[in-house]
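Source: prediction; values computed, not measured.
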Amino acid sequence: LKKRTSNSEVKFGFYMIWAYGQNSTSENFYRYNHNQITMYNSIVNATNKAMQEHPQLEFLIPTGTAIQNMRTSYVGDNLTRDGAHLTEDMGRSIAAFTWFATLFGTELMMQNNFIPNNLNEYTTNTAKNCVISALERPYSITPQIYTDYTGDNSIVPADINLNFSFDGTQTEGWNDVNLHHTLTAGFKDSQGKDCGIILQCDSPFGSANTAGPQKTDTSLDMPTSISETALWGYGEGQFNNDPQTPTATLHFMHLNKTLTYDFTFFSSRAYATDNRETMFTLIGTEKKTTTLNASNNTNETTTITNIVPDANGCITLIVQ
């Protein structure tokens, strides 16, 4: 390749791949005894050997170590979508940040305020810190310690506003929730303070639109950027030959176990006239359910009160 290039200053580097998720069902995982760390160490050894034996390789892009660093954080082993390929939000963002920081430097990466659509500021900074650690120590794992998300949560938050969006809408006072998230932290309450909550999505709705109402009259006081964006699913009929996605499941984790939580829901599909009834189920130490017809709704909400987190500090939300 070097002989064939017209650029006399061309440089060659080596791209370090990541280990499979521990739950991977890939037929090749047997080569590493179905053990993620064994696979990671094999990648490290192969990468180190390549760099040592080929001095013409002038730089290393250590995505594999950046991913392994992130797995030691509150995110855990949730960075592959099928056990092998990176998730389309957090996993790919870490890979992109690793490329960017390798080519242009960590200082410029940190100065860049870009936040990927499906992440928030906190999770983005966590990913960047994992990349910095990987560039400093490409052949070893650097545990990522975030004290806000270890031990019991003792924070008593003000109201927490969540926007079920799909395009990274940044609206003051609101936290974006894209159901293609794997895990996200850094949600802020209405006073701008981190509430110490981690959100995990098990099964997402598959579709999104901007078919919500422009104007609403509810206690949530939603601006247009919030009320018009929506994630949706359906349990009857067929749309665009896509599979039905009638249910979304989310887990609010690392909650303050000494508190009870109230949840108020708004759901709407503008200009609809048929029944778009949506069921919201919350599961903590007990299970409670409420419904709301989203058909052309502009002023109705529904509330479930006094939900106690389970022994693990978790409340599960099922929307269907």
Roughly how far, to the nearest 0.5 Å, is the [atom2] atom of [Y] from the [atom1] atom of [X]?
X: M222; Y: S268; atom1: CE; atom2: OG; result: 8.0 Å
X: S93; Y: E88; atom1: OG; atom2: CD; result: 11.0 Å
X: N125; Y: I115; atom1: CG; atom2: CD1; result: 7.5 Å
X: S190; Y: W174; atom1: OG; atom2: CH2; result: 10.5 Å

Original post:
Do the rings of Y74 and Y122 sit parallel, tilted or perpendicular, given the 30° and 60° boundaries?
Top reply: tilted
Between [X] and [Y]: side-chain donor-acceptor atoms closer than 3.5 Å:
X: T123; Y: N120; value: yes
X: R81; Y: T87; value: no
X: T281; Y: T289; value: yes
X: Q22; Y: Q36; value: no
X: T171; Y: S225; value: yes

All N/O donor-acceptor pairs, side-chain side in residues 6-17, below 3.5 Å, sequence neighbours left out:
{"from": "N7", "atom 1": "OD1", "to": "E9", "atom 2": "N", "distance (Å)": "2.9"}
{"from": "Y15", "atom 1": "OH", "to": "T63", "atom 2": "OG1", "distance (Å)": "3.3"}

**OP:** Carefully, step by step, assess K215 and T298 under the rule side-chain contact (heavy atoms from CB on, under 4.5 Å).
**Re:** CA-CA 7 Å; K215 295 182 179 181; T298 61; over 6 Å; no
Original post:
Is the gap between the ring centers of W232 and F239 under 6.0 Å?
Top reply: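 Centroid separation for W232 and F239: below 6.0 Å.
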Original post:
Is the ring centre of F252 less than 6.0 Å from the ring centre of F263?
Top reply: yes
**OP:** With side-chain contact (heavy atoms from CB on, under 4.5 Å) as the test, would you mind laying out the steps for L199 and V177 before giving the verdict?
**Re:** CA-CA 9 Å; L199 180 65; V177 176; 3.6 Å; yes
**OP:** Please collect all salt bridge (Lys or Arg N to Asp or Glu O under 4.0 Å) contacts where either partner lies in residues 43-71, sequence neighbours excluded, each pair once.
**Re:** R71-D77
Subject >> Passing option when T264 is tested against T218, D159, T301, T303 for side-chain hydrogen bond (donor to acceptor under 3.5 Å, both in side chains) >> reply: T303
**OP:** Please determine if D274 and R276 form a salt bridge, counting it only when a charged side-chain N lies under 4.0 Å from a carboxylate O.
**Re:**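 Result for this pair is yes, salt bridge flagged.
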Subject >> Test side chain to side chain contact (heavy atoms under 4.5 Å, CB included) applied to I226 and N161, N163, L220, T216, the passing residue >> reply: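 Single side chain to side chain contact (heavy atoms under 4.5 Å, CB included) partner of I226 among N161, N163, L220, T216: N163.
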Original post:
Does the pair Q320 and T278 meet the rule for a side-chain contact (heavy atoms from CB on, under 4.5 Å), with working shown?
Top reply: CA-CA 6 Å; Q320 55 192 139; T278 305; over 6 Å; no
Subject >> With Y20, the ring pair (Phe, Tyr, Trp, His ring centres under 6.0 Å) member among F29, Y30, Y40 >> reply: F29
